[in-house]
Amino acid sequence: MKRPDQGGPCGVPLNLLPVVDRPNHGSTASTCRGGVQTWVVVLAVALWAGSGWLPMLAADSLRLETMVIRSARPENIVQHDVQMKGPLDSRPWEPALEGPSHHSNAFVSNTRNEEARFNWYALGNTSEIPAQTITVLAQIPDQAPVEFKLGKPMYFLSMAQQLADGKPSSAPKQLSHMVAYLVNGDTRLDPKAEVSVQLGSATMRVRLERPLLLCLPVEEWHHDEHSDVSDASFCLIIYETQPYGPSDPRTARTLDQFGLNSLQLQRAELVGVSASNLRLN
Amino acid sequence: MKKLLCVALATLCTVAWSGQALANCGTCDKTIVQNAAASEDFSTLVTAIKAAGLAEVLSGKGPFTVFAPTNEAFKKLPEGVLADLLKPENKDKLVAVLKYHVVSGKVLAKDVVKLNKAKTVQGSDVTIKVADSKVMVDGARVVKTDLACNNGVIHVIDTVILPKS
């Protein structure tokens, strides 16, 4: 297994951190003062622009509080096959997982006592996907929608809980397992693009270097368990950054669909930013 | 008719996908007893299961959730206790102890941690708690979880747990 400090598959470095508040689309909709006429116009425009825009209107109460993504050295290395099907797939496929190679935290529900992290598993026996482009809008101020060409699927993001004292929280219903694809093509970025990152009680600004991965929600089958996609419009853009945050490793005890594990987490070098999938071309 | 064919086709596809999802698991095509017997860590447990005459039951359809003590866990028992339990005249006690490690149904780790207690096949409850990042079943620490079997699931524990009565 490729270790995090050696970089991920294809030389992709892997450690990551992000934090950006996710706008509450539902709240925006409910406070719209234009009345029925406004909604008719909005819906007409949405329909005109294509059905890919409609998911933007979906209600959501998730908060990406400080998504820190770090490379991880697991106590138990999981090697397992699962089946999954995402928006790019015409039928389910079955990659071999190995990991967790990374761990990220923490999506928190604004309305319920729910939160979930992701354990990242490297994907084996995958191949390049047919040329696909996708238009996404990152939740970063002053950023326009960008179009990514998607490359090879690299990681499976399995929802996970971190163990401490007491029963762990349930996962927010809006979250799904995800697959991270390499992004190619025009990956230029405003050189001043930054996001705020929460590390413990401290907040710091992290400059985004370039988008590296795009994570899309996937349906998954694992033994007799099946998990569906809750919000097809939700996606994550993973950016390279300079290393940031504490450099001393820390240990996290996590629980995901593959069971308990103890992860030694390294310094972060990536930031994940929530985004909306506007259109799959 | 076309609708029926579509439904039938969709059902077949779903069944096929579900079947494939079991592939390459490593343990999920074997029973709890077969998987325990395949691991050097559970040789004492397998010996006890056979002595108690529970091998057939735990090879049955189930599903069962087994909190499986390792060989090291058995070594923690006071001297002579295991040897006594394995004597034919103490078979009932051995059966009770082993049944205390078994819960009816397939309870994965993600569901175990949501419980405060679970009723064992022996009849008593085991207590479950998460403390200091550890999952505890009575006084035993759960050290490995979710070993999938075709008749249930195994969670590995580091201490033999004993019913109160």
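Keep in mind the model is a prediction, meaning the values are calculated, not measured. What you see below is based on every heavy atom in this structure, not just the backbone, and it leaves out hydrogens, waters and symmetry mates. Just so it is clear: chains get the letters A, B, ... in the order the sequence lines come, proteins before strands, and each one is counted from 1.
- Side-chain atoms of A:Gln198 and A:Thr203 include a donor-acceptor pair closer than 3.5 Å.
- With a 4.5 angstrom heavy-atom cutoff, B:Val112 does not touch chain A via any of its atoms.
- For B:Lys110, the parts lying under 4.5 angstrom from a heavy atom of chain A are both the backbone and the side chain.
- The residues A:Arg73 and A:Glu75 are annotated as not salt-bridged, no charged nitrogen and carboxylate oxygen being separated by less than 4.0 angstrom.
- A:Phe118 has its side chain within reach of A:Met178: a pair of non-hydrogen atoms, C-beta onward, lies under 4.5 Å apart.
- Aromatic ring centres of B:Phe67 and B:His101: separated by at least 6.0 Å.
- With sequence neighbours excluded, the residues that form a salt bridge (Lys or Arg N to Asp or Glu O under 4.0 Å) with B:Asp111 are B:Lys114.
- Of the two parts of A:Glu225, only the side chain, counted from C-beta on, holds a non-hydrogen atom closer than 4.5 Å to a non-hydrogen atom of chain B.
- Only the backbone of A:Asp256 comes within less than 4.5 Å of a heavy atom of chain B; no side-chain atom from C-beta onward does.
- For A:Leu255, the part lying under 4.5 angstrom from a heavy atom of chain B is the side chain only.
- The shortest side-chain heavy-atom distance between A:Ser104 and A:Val68 does not fall under the 4.5 Å cut-off.
- Checked by atom type, the side-chain pair A:Lys173/A:Ser230 shows no donor-acceptor distance below 3.5 Å.
- Using a 4.5 Å cut-off between heavy atoms, B:Ala148 touches chain A through its side chain atoms alone.
- Between A:Tyr121 and A:Phe258, the gap from one ring centroid to the other is short of 6.0 Å.
- Proximity to chain B among residues 157-166 of chain A is limited to A:Leu163, A:Ala164, A:Asp165, A:Gly166, judged by heavy-atom separations below 4.5 angstrom.
- Contact annotation: the side chain of A:Glu94 never approaches that of A:Met84 to less than 4.5 Å [non-hydrogen atoms, C-beta and beyond].
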